[in-house]
Amino acid sequence: MIDLRDRDIMSSMEAAKRWMKADDYVRQVYRKSPERFPAGTIRKFGKQLVVTRKGMEVVTGETEIEAKQFASIRQNPNIRDL
């Protein structure tokens, strides 16, 4: 049974926010290159796209934590690479 409260399943907008991307990021990638998402990691329900954590990690090349860390570094130019 699928638990829709699982944090590994999210709307495209929530996923974009969690990975620090533009609100329409998932829709744009899916429309232009749906093959970038591994099978079973994205699905359309009516007009709503639902994506898994694995799908986002493959498409962005980053975990959610890495995306937030990199975003904070990009926003603060005084932080130097370690």
Side-chain angles (χ1 to χ4, degrees):
M1 181 152 120
I2 296 173
D3 182 359
L4 294 177
R5 296 171 294 178
D6 187 343
R7 290 190 44 83
D8 285 345
I9 302 171
M10 61 207 96
S11 71
S12 61
M13 189 175 286
E14 179 185 356
K17 287 180 183 179
R18 287 171 56 178
W19 265 261
M20 311 299 288
K21 303 290 186 186
D23 287 346
D24 64 344
Y25 175 81
V26 176
R27 286 191 173 281
Q28 294 279 343
V29 173
Y30 184 68
R31 188 181 68 220
K32 292 177 184 174
S33 305
E35 70 281 354
R36 288 182 56 193
F37 289 92
T41 63
I42 193 163
R43 182 157 180 202
K44 197 166 187 178
F45 291 94
K47 293 184 179 182
Q48 179 68 47
L49 277 174
V50 177
V51 65
T52 64
R53 175 183 306 275
K54 180 182 176 186
M56 286 301 291
E57 289 174 351
V58 169
V59 168
T60 64
E62 302 172 331
T63 66
E64 183 178 355
I65 293 169
E66 290 169 340
K68 289 178 180 174
Q69 289 171 342
F70 295 143
S72 66
I73 290 169
R74 287 188 295 264
Q75 290 173 358
N76 188 345
N78 296 324
I79 297 176
R80 303 218 182 248
D81 292 341
L82 300 176

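Keep in mind that what you see is a predicted model, and the values were worked out from it rather than measured. One is the number of the first residue; the rest follow in order along the sequence.
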Under 3.5 Å, side chain of W19 to main-chain N/O of K68, donor-acceptor pair present?
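Between the backbone of K68 and the side chain of W19 there is no qualifying donor-acceptor contact (under 3.5 Å).
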Any side-chain heavy atom of L49 sitting closer than 4.5 Å to one from R27?
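In short, these two side chains touch, coming nearer than 4.5 Å.
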For [X] and [Y], which heavy atoms make the closest approach, and how far apart are they?
X	Y	answer
G61	E66	O-OE1, 4.3 Å
M10	T52	CE-C, 4.1 Å
Q48	S12	NE2-N, 3.8 Å
A16	A22	CB-O, 3.2 Å

If you measure from CD on E57 to OG1 on T63, what distance do you get to the nearest 0.5 Å?
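Taking CD in E57 and OG1 in T63, the distance rounds to 6.0 Å.
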Identify whether I9 and F45 are in the same connected component of the hydrophobic contact network (ILVMFWY, side-chain heavy atoms under 4.5 Å).
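They do share one cluster, since a chain of ILVMFWY contacts under 4.5 Å joins I9 to F45.
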Below 3.5 Å, can you tabulate the donor-acceptor pairs from side chains in residues 31-43 to any protein atom, sequence neighbours excluded?
from	atom 1	to	atom 2	distance (Å)
R31	NH2	Q28	OE1	3.0
R36	NH2	V59	O	2.8
T41	OG1	P38	O	2.6

Show your reasoning for whether side-chain contact (heavy atoms from CB on, under 4.5 Å) applies to M56 and V26.
CA-CA 8 Å; M56 286 301 291; V26 176; 3.6 Å; yes
Residues two or more places apart in sequence or in another chain: which of them pass salt bridge (Lys or Arg N to Asp or Glu O under 4.0 Å) with R18?
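Here the qualifying residues are E14, E64.
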